[in-house]
Number of protein chains: 2
Amino acid sequence: MTTPEMGYFLSAKYSRNLYQKASMIKISIYEDNARLSQLLSLMIENTEGFELMACHENCLEALQNTRNERPDVIVMDIDMPQRSGIDGVVEIKSYFPHIKIIMHTVFDGNEHLFDCLSKGADGYILKKDSSTRLIQAIKEVNEGGAPMSPFIANKVLQSFRKQPVTDDFNLTDREIEVLTYLAKGFSYRMISIELNISVETVRRHIKNTYQKLHVQCGPEAVAKAIRSGIINS
Amino acid sequence: MTTPEMGYFLSAKYSRNLYQKASMIKISIYEDNARLSQLLSLMIENTEGFELMACHENCLEALQNTRNERPDVIVMDIDMPQRSGIDGVVEIKSYFPHIKIIMHTVFDGNEHLFDCLSKGADGYILKKDSSTRLIQAIKEVNEGGAPMSPFIANKVLQSFRKQPVTDDFNLTDREIEVLTYLAKGFSYRMISIELNISVETVRRHIKNTYQKLHVQCGPEAVAKAIRSGIINS
DNA sequence: TCAAGAATGACCCAAAAGGGTTATTGACAG
DNA sequence: CTGTCAATAACCCTTTTGGGTCATTCTTGA
């Protein structure tokens, strides 16, 4: 849907770059939906302090584009033909970590969200939000913030809440203590010396622990204990 | 610094509650700095759609207060005499999980931040932000958002970025495969059958793995592998 | 083409781990 | 005041681990 004329238009725009004010926020867009990308372009061009560098319908050339355009902020769709916006983020961030990237997508699922965030996206705005929100987000991210749609921010916070121990399997304090030493690589003998008890007692605790955890050896017990949050440090 | 008179005043205010409009956002404040709490009170009382329920200088009685006041949103300081706001969050959230709590504090360190978030805080606004930002945050949180100061939102995002494998210790694919079975409780023999190789080869891989990880037994290896993200499922 | 590294396999041997059974002591709840 | 449970301890016996040393095959990159 993006026409060659449009590309030309944007190149022309880019050449005007020489006259821009230093304080302008330079923005590049990656969005395969032509209607939406035109809307965004218009909004950005008509916002004080914003300078639209280019508008791309895929991120096959993301790196080269970025080298040419040197934007301050990139607005990136995820679902684009041939190459996902997430790959674009990885590539751009690895060469230009200081350039801010705002994901602008319809995806509100955990998968894409945490994938993008772990790969360095600086903001995550849903398309269902108003375009004004995106404009505001661009300002925010340029000032060092991390704009997110409320729904997204909530998902992010929720991911912190499910930390607390899922199930402690009724392990006693002593059993957890012994298990902790086991995970540190102590042998039964070393543990017995450390805790000033008999090796047989250490063995006893470990046997009980295995029964409670429904495991049959040390490595499995340690794995289960760490994954369920029973032991940490 | 909160005077008895102030308490009386607030009780009087609470009694007016009967006449409130259903759409009002009911707010309680926990803040030990009298000057700041008065400022916040004033701002809230003068904001359309906000109803100040009470203003407390500590959260010793947080649960009882909440039962009486039934706020929609609580603004909670962290550093208060006798009882930390974090304890307040835990208590209130365990009985009233639907009540939104915004932390309002000077602390911008990771420790308090992630502690609060994991315990269920719904927003985290720094005191250095303008009071207007807090008012806005109250609206946001009441609409299901997760308001955070830009600096805080960034910290939260950053916590996702350092997830990817810290160090893979140059383990080969095969070594990781064997280690994964080990963590599942497979013995060397079982692994050898599973992978259709000799027990000696399994042992070989494990020996090499221990050297690379600088550990000397299975439990320790598994602990290290899980903690550094080498193995997961 | 040659060296490096991955994957494979084997042997020796001592130490550690794991399963079963039994028992004593002290604390705490009903 | 009696039963339960955590913590302690011991003995038996088999299997598994883990450390050392050596060797072959195959792929891959310099």
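Per chain, numbering begins at 1; letters A, B, ... match sequence-line order.
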Non-hydrogen side-chain atoms of [X] and [Y] separated by less than 4.5 Å:
| X | Y | answer |
| --- | --- | --- |
| B/M76 | B/I92 | yes |
| B/I102 | B/I138 | yes |
| A/T66 | A/Y95 | no |

Task: Residues forming a salt bridge (charged side-chain N to carboxylate O under 4.0 Å, His left out) with A/K127, sequence neighbours excluded - done: A/E31, A/D77
Task: For A/R70, all residues meeting salt bridge (charged side-chain N to carboxylate O under 4.0 Å, His left out), sequence neighbours excluded - done: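 Result, salt bridge (charged side-chain N to carboxylate O under 4.0 Å, His left out) vs A/R70: none returned.
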- [ ] With sequence neighbours excluded, tell me which residues meet ring pair (Phe, Tyr, Trp, His ring centres under 6.0 Å) with A/F107.
- [x]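 So A/F107 forms a ring pair (Phe, Tyr, Trp, His ring centres under 6.0 Å) with A/H112.
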Just how far, in rounded Å, is [atom2] of [N] from [atom1] of [X]?
| X | N | atom1 | atom2 | result |
| --- | --- | --- | --- | --- |
| B/F186 | D/dT16 | CZ | P | 14 Å |
| B/E220 | D/dG18 | CD | C1' | 13 Å |
| A/L171 | D/dC5 | CG | P | 16 Å |

Task: Pairing of A/K93 and A/D122 as salt bridge, 4.0 angstrom limit - done: yes
Open item on the list: I'd like to know if B/E91 and B/R83 make a salt bridge, using a cut-off of under 4.0 Å between side-chain N and carboxylate O.
Closed with: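 Yes, charged N to carboxylate O under 4.0 Å.
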Task: Shortest non-hydrogen separation from A/E57 to A/P81 and the atoms involved - done: O-CD, 4.1 Å
Task: Proximity to DNA chain C (any heavy atom under 4.0 Å), residues of residues 187-200 of chain B only - done: B/I197, B/S198, B/E200
Task: side chain to side chain donor-acceptor pair (under 3.5 Å) assessment of A/S28 paired with A/E69 - done: CA-CA 8 Å; A/S28 293; A/E69 298 155 15; 2.6 Å; yes
Open item on the list: Heavy atoms within less than 4.0 Å of DNA chain D: which residues of residues 201-213 of chain B have one? Give them sorted by number.
Closed with: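 Result for residues 201-213 of chain B: B/R203, B/R204, B/K207, B/Y210, sorted by number.
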Open item on the list: With heavy atoms of chain B within less than 4.0 Å as the criterion, where does contact along DNA chain C begin and end?
Closed with: C/dA6 to C/dC11
